[in-house]
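Worksheet: one structure, shown below.
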Amino acid sequence: MAPDGLKVAPTDRRSSTPWPHPALRSREFVLAILLAGLVLVAGVLEPRFVAPKAQWLLAGHAWELAIVALPMLLIVVTGGIDLSVGSTLALSAVVLGLSHERGAPPALAAALAVGVGGALGATNGWFVARLKVHPLIVTLATMAAFRGVAEGVSLARPISGYPDSLLWWSQGTILGVPVPGLVFAGLAVATAFVLRRTLVGLWLVAIGTEETAARFSGIPVARVKQGLYAACGACCGLAAVLLVARNNTAKADLGTGLELEAITAVVLGGASIEGGRGNVLGLVLGLALIHETREFVGWHWKQNELNLIVIGALLVGTVLLERLIGRTRRPRPEPVAASG
Amino acid sequence: MKTAPFALAVGLAVLSLVGCGEKAAAPGAKEGAAKKIVVCLLPKKKGVPYFTSCSEGAMEAAKELGNVELIYDGPTSGDAADAVKLIDQWTAQGVDVIAVSPNDPDVLAPAMKRAREAGIKVITWDADAAPDTREFLVNQATPEEIGNSLVDAMAKDLGGDAAKGEVAIVTASLTAANQNEWIKFMKARLPKYPGLNLVATKPSNEDQKLAFSVTQDLMKAYPGLKGVFAISSVAFPGAAEAIKQAGKTGEVVVTGLSTPNDMRSYVEQGVVKSVILWNTKDLGYLTVFAARALVDGDLKAGATTLMAGRLGEKAVVGDNVMLGGTIAFTKENIGQYDF
């Protein structure tokens, strides 16, 4: 038996480990099985669903969520959370729309959106890192505040009509791959690299595992957090540019509920909500599973409402399956089990 | 030792539970009148009585035609982004026709264009979008019909051809495009009833409270006021409430466009004698017939008529398929309608 998931599992090979190999008991493996099973079932029931053309088209619905989920993963790894991502996206989008309306060239408007997103994230970071307010409380407050400002400055009206150079960010392709997909791929590789191969990655895990200890070992905890929340905001700004380009409209209600979807994907991907554990591969598989399940359920049963129960069922299903595989609590000398 | 295969089996079992249950929809084959086609009907918002009523007519048409598989789905939140996802999904499925009632034409435009690029016929119904995003609009009523129906209903409520008295209009805002079109045709129709005298047109800015106070002011300023046209969905109940609270039920009548459910209590109390609306079931019915005719090639640029089952021959004006005809909900018939 050589399941698809094997090649993507963590690669610490110890010849003496009992079967099933720990890799087979990992969250990534479970997700890969579920994903493969879903694609199999979907391919039998709805052959058109698995066609590359359909998949590329439907993937367009997931890029913004995927891009926001990456920094969310890093924040969760530090033991934090950011509930304001949807509102940050909305306010960035409104800034893009308003500056475009006032004659800013598309590149400048997009840069402003990313910049404002970063500034909003930095605000979160300042409260979390410097004033040491719990991120749940900070971002719960800014979630409401940013959305309110977005509605206020735009008067809740849609701002439409962007030039092709902006729409390209969502509708263009390079070598057949949609631009947002490339943006996500680049960010995902960068995130995995930071988490797995850099000192900052070690710091993030250390902060999430035991913050006080991290501080005493000389890790610049406040600076790291400040930068992390700012980066998250900037990613929201980037996602806003892509979303506005996709819908050709900036509106204050964009990204509603995005925070919960992003956190769900992070948790489904195997990250611990208490911090210290999480990896990009798991997140990508989790995102893919959520996306494919949602699209398939909508496709097959043609009832939009069913989507509401899908994510809950997925979370429960994954945990159950993991139990069934007999996952024992693995000792984790190195808390990150990331690859790629 | 057998845990992993077991787990695999469980995983697949879980997924097949998710997967099975309903037959896979056959992707509709193009061309040929006998071939079954898939028509997707997208409302602005799923689950609201107005659109449910439209969908009933659409289902009736699909059943009658026999060669149309109808999919009625839409965002329960009324969120345009969700509507986009549905359009994309239908595009990927390769359905034959997507009929859109756009809740936000700008947001939906890129998705509608993607669908057209994929060779799917896209039409709008109930509300229109940019002309390059769709081939036809199934138009429920022209401004002229609406204007005429409103004036005729007012005249009928005030005693028929011999109706006498001062009337006023409470509109949405003075710049509202739809309302201004209607007002234009109302003014053209009013001379048919020489006893009716239009004394004022006041804005209510889509604000029910403002409509309430504007109507109060009108009744004070024009003691001979007999009728109010309240021609926005929020102005209508606002004006009706003002008349009711002034104790002028029966003395001053108000009419406008709305759904039966929204105005039912005022109709039953006698504050409102007629509520005007197009026939929502017929709108859904005609949309499905238009979709079928579009695939069959019977409805194409330059066509002037469309045969639509029990509705008979309907006019096609430019790229508009005209439903035409309005119904007046009155105390006598409102009980038959539930939307």
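For the numbers below, each heavy atom of this structure counts, side chains included, while hydrogens, waters and symmetry mates do not. All chains are named by letter (A, B, ...) in the order of the sequence lines, taking the proteins before the strands, and each is independently numbered beginning at 1.
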Taking everything shown except B:Lys85 itself, do over 12 heavy atoms lie less than 6.0 Å from its NZ? yes

Within-4.5 Å side-chain heavy-atom neighbours: A:Pro158 and B:Val107: no

Would you compute the distance between atom NE2 of A:His300 and atom CD of B:Gln93 and round it to the nearest 0.5 angstrom? 10.5 Å

What I'd like to find out is whether the side chain of A:Asn248 reaches to under 4.5 Å of the side chain of B:Pro110, using heavy atoms alone. yes

Given heavy-atom pairs under 4.5 angstrom as the criterion, report whether the side chain, backbone, both or neither of A:Gln55 touches chain B. neither

Drop me the distance from A:Lys251's NZ to B:Asp79's CG, to the nearest 0.5 angstrom. 7.0 Å

Best-contacting candidate, A:Val44, A:Val310, A:Asn247, A:Leu254, against chain B by heavy atom pairs under 4.5 angstrom: A:Asn247

Output for pair (A:Arg294 CZ, B:Gln89 CD), nearest 0.5 Å, gives 11.0 Å

For the CH2 atom on A:Trp169, are there more than 12 heavy atoms of other groups (residues, nucleotides or ligands in this structure) within a distance under 6.0 Å? no

Using a cut-off of under 4.5 Å for heavy-atom pairs, which of B:Thr91, B:Ile71, B:Leu108 has the most such pairs with chain A? B:Ile71

In this structure, CG of A:Leu57 is separated from CD1 of B:Ile87 (nearest 0.5 Å) by 11.0 Å

